[in-house]
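Since this is a predicted model, take the numbers as computed values, not measurements.
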Amino acid sequence: MAELGLNEHHQNEVINYMRFARSKRGLRLKTVDSCFQDLKDSRLVEETFTIDEVSEVLSGLQAVVHSEVESELINTAYTNVLLLRQLFSQAEKWYLKLQTDISELENRELLEQVAEFEKAEFTSSNKKPIIDIIKPKLAPLNEGGTTELLNKEILRLQEENEKLKSRLKTIEIQATNALDEKSKLERALQDLQLDQGNQKNFIKAEDLSDLENTVATLKSEFQKTLNDKTENQKSLEESLATAKHDLLRVQEQLSMAEKELEKKFQQTAAYRNMKEILTKKNDQLKDLRRRLAKYEPED
């Protein structure tokens with residue numbers, strides 16, 4: 001085991017990251033140095049400066065350096081997040097849950113240990129170059145106990161997954177065949193229904209033609225009957241009007257005849273004798289009533 005308590009593979013990974021961090025740190029330091037050099041070349045050209053001028057120069061330099069340092073700190077934080085993301089992603093593929101202890105990041109002893117490790121690795125003349133051609137995935141430590149059981153469970157699940165995939169493929173083929181058979185049956189049913197529909201349409205067309213002829217005949221007969229009834233009604237109305245005129249004429253003739261008969265009867269001797277007799281009888285009745293009135297007692 002090396003100074004950091006890691007195996008050789010992981011220690012090489014740490015060295016690669018430290019090399020990357022050293023290169024980024026060196027670039028940022030060169031940037032800060034160039035800020036000071038630019039200030040010297042552009043502003044420090046006079047022999048004397050006032051307090052205000054010195055304050056202005058330092059304020060400008062402070063702003064530039066502050067921006068560069070802030071940018072480097074932000075970039076370092078984001079870089080560390082990406083590094084943790086790689087480690088966590090590899091662990092999740094093996095169903096592992098990694099944990100971190102943030103308080104250990106400020107452990108002075110560990111920080112000094114890392115510093116000594118970096119100094120030993122990058123100042124030693126005998127250090128071996130780190131070549132990382134193949135990027136292996138993170139493997140779980142301690143191949144035994146819970147880890148071994150977990151690996152067996154993963155293998156079992158993978159085998160079951162393959163079986164399910166094979167079964168699903170078989171079911172998909174069966175479903176496809178069933179759909180094809182269903183489509184064939186549906187097409188055959190549609191063809192049969194189309195043939196039946198054509199036959200029904202032909203039969204319906206013949207029935208419809210017969211029905212139309214029957215309706216036309218009935219309509220013609222009804223119209224003929226209606227015309228006959230209309231003519232009969234007109235004839236009856238004309239006959240009735242003629243009869244009414246004849247009746248009025250006969251009634252008028254009868255009235256005239258009765259008047260003429262009465263007139264002729266009054267002119268006959270029998271009528272005159274009968275009238276005289278009736279007059280005498282009336283006179284006699286009146287005389288008898290007067291006589292009887294004399295003998296009736298008074299109330």
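Identified under the salt bridge (charged side-chain N to carboxylate O under 4.0 Å, His left out) test for residues 95-108, with sequence neighbours left out: none.
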What do the steps show when you test Leu194 against Gln190 for side chain to side chain contact (heavy atoms under 4.5 Å, CB included), and what is the final call?
CA-CA 6 Å; Leu194 183 60; Gln190 291 176 357; over 6 Å; no
Side chain to side chain contact (heavy atoms under 4.5 Å, CB included) assessment of His10 paired with Asn7
CA-CA 6 Å; His10 289 162; Asn7 59 29; 3.2 Å; yes
Would you sort out whether Ser89 and Arg85 count as a side chain to side chain contact (heavy atoms under 4.5 Å, CB included), showing the intermediate values?
CA-CA 6 Å; Ser89 297; Arg85 178 177 177 272; 4.1 Å; yes
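Here the straight-line distance linking atom CG of Leu164 with atom NZ of Lys169 works out to 15.0 Å at 0.5 Å rounding. Going from atom CG of Leu105 over to atom OG1 of Thr100 covers 7.5 Å, rounded to the nearest 0.5 Å. The distance from the NZ atom of Lys275 to the CG atom of Asn273 is 12.5 Å, given to the nearest 0.5 Å. For the atom pair CG of Leu87 and CD of Glu92, the computed distance is 11.5 Å after rounding to the nearest 0.5 Å. Of the inter-residue distances, the one linking Asn177 atom CG with Ile173 atom CD1 reads 7.5 Å to the nearest 0.5 angstrom. In this structure, Leu29 CG and Arg22 CZ are separated by 11.0 Å, a value rounded to the nearest 0.5 Å.
For the pair Glu70 and Ile74, the minimum side-chain heavy-atom distance is below 4.5 Å. Two residues are said to be in side-chain contact when any heavy atoms from C-beta on lie closer than 4.5 Å; Glu252 and Leu248 fail this criterion. Glu121 is not listed as a side-chain neighbour of Met18, based on a closest heavy-atom distance of 4.5 Å or more. Residues Leu157 and Tyr95 have side chains not in contact (no heavy-atom distance under 4.5 Å, counting atoms from C-beta outward). Two residues are said to be in side-chain contact when any heavy atoms from C-beta on lie closer than 4.5 Å; Thr279 and Glu276 fail this criterion.
Side-chain atoms of Ser71 do not come within 3.5 Å of backbone N or O of Ser67 as any donor-acceptor pair. Judged purely by atom type and a 3.5 angstrom limit, Asp287 has no side-chain atom pairing as donor or acceptor with the backbone of Asp283. Between the side chain of Asn12 and the backbone N or O of Glu8, at least one donor-acceptor pair lies under 3.5 Å. Side chain of Ser34 to main chain of Thr31: a donor-acceptor pair is present (N/O by atom type, distance under 3.5 Å, no hydrogens or angles). Thr79 places a side-chain N or O within donor-acceptor distance of the main-chain N or O of Asn75, the cut-off being under 3.5 Å. Between the side chain of Thr242 and the backbone N or O of Glu238, at least one donor-acceptor pair lies under 3.5 Å. At distances below 3.5 Å, not a single donor-acceptor pair connects side-chain atoms of Ser166 with backbone N or O atoms of Glu162.
Grouping the Ile, Leu, Val, Met, Phe, Trp and Tyr side chains by contacts below 4.5 angstrom, directly or via other members, places Val57 with Val32.
A salt bridge links Arg25 and Glu118; the closest N-O separation between the charged side-chain nitrogens and carboxylate oxygens is under 4.0 Å.
Leu83 shares a hydrophobic cluster with Tyr17, Phe20; the chain of contacts runs through ILVMFWY side chains whose heavy atoms sit under 4.5 Å apart.
Across every non-hydrogen atom of Cys35 and Val64, the tightest pair is SG-CG1, 3.1 Å.
Under a cutoff of 6.0 Å and an axis angle of 45°, Arg19 and Phe122 do not form a cation-pi pair.
The environment of CG in Leu27 is crowded: more than 12 heavy-atom neighbours from other residues, nucleotides or ligands sit within 6.0 Å.
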